[in-house]
Every structure is written in C-alpha cells, then in structure tokens.
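A short write-up of the structure that comes next.
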Amino acid sequence: MSEIFEAHRRRLFGIAYAMLGQVMDAEDVVQDAYLRWQSVEQTRVENPGGYLTTITTRIAIDRLRSAQKRRETYIGPWLPEPVVTDADPADVVAEAERISFAFLTALERLNPVERAVLVLRDVFDLEYADIADVVDRTPANCRQIAVRAREHVGDAGRSYKPPPEREQELVAAFVTALAEGELDRLMDVFAADVTLWSDGGGKARAARHPISGALKVARFLLGIRRNATPDDTWGYTTANGDPAIVVARDGKPFSVMVLQMSYGGIVALRSVLNPDKLEHWSDVAAPNPMTFVT
C-alpha cells in the first residue's frame with residue numbers, strides 16, 4: 001500500500017541521496033523503488049522497512065556504478081549536490097546533519113558496495129546482519145568492508161566539528177571579513193592549510209583545480225567578490241548541517257559554498273556552481289543577506 005511506502009519515503013530518499021550525492025537521481029531511485037513496491041504482493045512482506053531499504057539500496061548501487069564512470073570524464077572537481085537544511089531538514093533528508101558535505105564528498109573514494117555498507121551502518125545505524133541481506137554478503141564480511149571503507153574515507157571532518165557557539169563565531173567573522181573585503185581578517189578565519197574546491201562541471205566558470213593555503217583562498221574569494229555583478233545577492237544559510245554561502249544572480253542561485261570547520265578555523269570550502277546541481281535551490285535565493293562595504 002502507498003501509505004506504507006510514504007511512511008518510509010524520507011528515509012529511503014536519505015539512503016539514495018547518501019549513496020549518489022545527487023538530489024534528482026535520489027528522487028528517481030525512490031520512484032523506481034515505489035514502482036517495485038507496487039508490483040509485489042505486499043501482504044507477504046514481513047518487514048516492509050527492511051524490504052524497501054534493500055530494494056532502494058540495490059537500485060542506488062546500480063545507478064552509482066554508471067554514475068562513477070561518467071564522473072571520470074567530469075570537467076574539474078566533482079562535488080555532490082548540497083541540500084538546504086536551514087528550515088526543516090526533515091522535509092528533505094531526515095538525517096541531513098549526519099550526511100555532512102565533507103562526508104558525502106569523502107564517500108566518492110569508495111566503490112558502490114563499500115559506500116552502501118558504510119552509509120547503512122554509520123549513517124542509518126543498521127546492524128551488520130541486516131546490511132548483509134542488502135548487499136548479499138555475510139555479516140562478518142560487511143564488518144570488514146566497513147572497517148576498510150572508514151580507512152579510505154578517513155575522518156572527513158566529523159570529529160573536528162566545533163560546538164555551535166564557536167561555529168557561529170567563525171561564520172560571523174567569515175561573513176564580515178568577506179563583506180568588508182578585508183584580506184587579513186579573512187585569512188585569520190582560515191586554517192593555514194585551508195582548501196577550496198569549485199564545481200562548475202564545464203557549465204559555469206570555476207577553478208579547475210583545488211586552491212590551497214589561507215592567502216590563496218582569501219585572494220580567490222575576494223576576487224570573486226570584486227567581480228560580482230551589481231544585481232548579485234549574497235546570503236548565508238545551512239546546507240547538510242553546515243554553514244553555506246549562497247549567491248543568487250537574476251533571482252536564481254548561482255553558487256552555493258559549503259564551509260567545513262574545526263575549532264581553529266575554516267578548513268575547507270566546497271563551492272557548487274554547476275547549474276544542474278542547484279535546480280532544487282530555486283526557492284533559496286539569499287537568506288540571511290550579506291551587505292557589502294564598497
């Protein structure tokens with residue numbers, strides 16, 4: 001029955017999004033799962049949640065295999081699609097704050113089965129016995145896969161996230177320094193080894209390679225600020241549970257930059273400019289507006 005499926009939809013979308021890193025693809029996976037659900041004798045399914053998790057993950061694994069081949073020829077760095085979580089994350093991804101942008105990016109280092117095991121275990125808290133049924137492995141094998149996957153992914157910033165009050169201080173300092181065009185103050189907000197990635201996908205002007213170092217990143221950001229059009233609007237919000245800077249042009253999101261922080265400062269900035277990845281941000285023009293000093 002559709003009521004059963006709807007009760008699990010948000011969780012299924014979260015799994016598909018964590019697997020693929022793209023909103024539209026995740027929605028397609030959930031729709032495919034729904035069609036399969038409609039075609040089975042549902043009264044014979046003892047555990048609807050487990051069944052739906054299985055078919056959703058398996059569809060996502062198949063899609064990810066094709067997607068990873070396409071990403072090999074992607075122009076410039078490939079970044080996931082950020083999801084706005086400023087209002088109510090449950091409306092989009094119930095576990096969005098646990099699927100941080102840094103973690104989602106790090107998952108790209110894994111093969112589809114490794115990614116499925118790590119996502120189901122570390123994000124959605126499934127037992128290894130349940131994961132084994134999903135990926136057709138033994139529980140012991142799934143445990144080994146998870147250990148190996150964590151080694152490949154690394155910390156991905158999860159243990160270094162500062163407390164909320166410190167995060168707010170850093171965001172305020174960053175926004176002020178950028179708005180006022182202060183190079184030294186902007187550098188003070190960054191960790192010494194800060195890195196910036198830009199994803200234009202060949203459809204928007206973006207840096208083809210990562211930019212590292214506080215001075216280089218600060219100069220790059222101030223260059224973007226100086227080259228902004230008079231009609232651009234800037235604001236800040238929350239994406240995947242992390243602070244994000246949103247730039248809108250002609251009323252449409254032009255760039256979403258997600259900030260990764262440690263207690264000592266901003267350690268990474270990931271800027272998505274590919275318009276295909278910002279379509280679902282159409283209603284998020286520029287919340288919490290920034291006013292530049294000229």
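The structure presented is a predicted model; accordingly, all values stated were derived computationally and were not measured.
Taking the six-membered ring where the residue is Trp, Tyr34 and Phe5 present perpendicular rings, their angle passing 60° and hence far from 30°. Taking the six-membered ring for Trp and thresholds of 30 and 60 degrees, Trp78 and Tyr74 have ring planes more than 60 degrees apart, a perpendicular arrangement.
A donor-acceptor distance shorter than 3.5 angstrom exists from the side chain of Arg166 to the backbone of Tyr263, with no hydrogens or angles considered. Distance alone, capped at 3.5 Å, is enough to place a donor-acceptor pair between the Trp281 side chain and the Pro82 backbone. Put simply, the side chain of Asn240 never gets that close to the backbone of Asp242: no donor and acceptor are under 3.5 Å apart. The backbone N or O of Gly223 sits less than 3.5 Å from a side-chain atom of Asn227, completing a donor-acceptor pair. No side-chain donor-acceptor contact under 3.5 Å links Thr56 to the backbone of Thr53. Counting only distance, with no hydrogens or angles, the side chain of Arg208 and the backbone of Pro77 share no donor-acceptor pair below 3.5 Å. Distance alone, capped at 3.5 Å, places no donor-acceptor pair between the Arg185 side chain and the Ala177 backbone.
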Which atom pairs, one a donor and one an acceptor, fall under 3.5 Å between side chains of residues 108-120 and the rest of the protein, sequence neighbours left out?
{"unit_1": "Glu108", "atom_1": "OE1", "unit_2": "Arg71", "atom_2": "NH1", "d": "2.9"}
{"unit_1": "Glu108", "atom_1": "OE2", "unit_2": "Arg71", "atom_2": "NH1", "d": "2.9"}
{"unit_1": "Glu108", "atom_1": "OE2", "unit_2": "Arg115", "atom_2": "NH1", "d": "2.7"}
{"unit_1": "Arg109", "atom_1": "NH1", "unit_2": "His152", "atom_2": "O", "d": "3.1"}
{"unit_1": "Arg109", "atom_1": "NH1", "unit_2": "Val153", "atom_2": "O", "d": "2.7"}
{"unit_1": "Asn111", "atom_1": "OD1", "unit_2": "Val113", "atom_2": "N", "d": "3.1"}
{"unit_1": "Asn111", "atom_1": "OD1", "unit_2": "Glu114", "atom_2": "N", "d": "2.8"}
{"unit_1": "Asn111", "atom_1": "ND2", "unit_2": "Glu114", "atom_2": "OE1", "d": "3.4"}
{"unit_1": "Glu114", "atom_1": "OE1", "unit_2": "Asn111", "atom_2": "N", "d": "3.1"}
{"unit_1": "Glu114", "atom_1": "OE2", "unit_2": "Arg148", "atom_2": "NE", "d": "3.2"}
{"unit_1": "Arg115", "atom_1": "NE", "unit_2": "Ala18", "atom_2": "O", "d": "3.1"}
{"unit_1": "Arg115", "atom_1": "NE", "unit_2": "Met19", "atom_2": "O", "d": "2.8"}
{"unit_1": "Arg115", "atom_1": "NH2", "unit_2": "Ala18", "atom_2": "O", "d": "2.9"}
{"unit_1": "Arg115", "atom_1": "NH2", "unit_2": "Met19", "atom_2": "O", "d": "3.2"}

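Judged by distance alone, the side chains of Ser212 and Thr195 do bring a donor and an acceptor atom under 3.5 Å apart.
The hydrophobic cluster around Ile75 extends to none of the other residues, as no ILVMFWY side-chain heavy atom falls under 4.5 Å of it.
Glu165 CD: more than 12 foreign heavy atoms inside a 6.0 Å radius.
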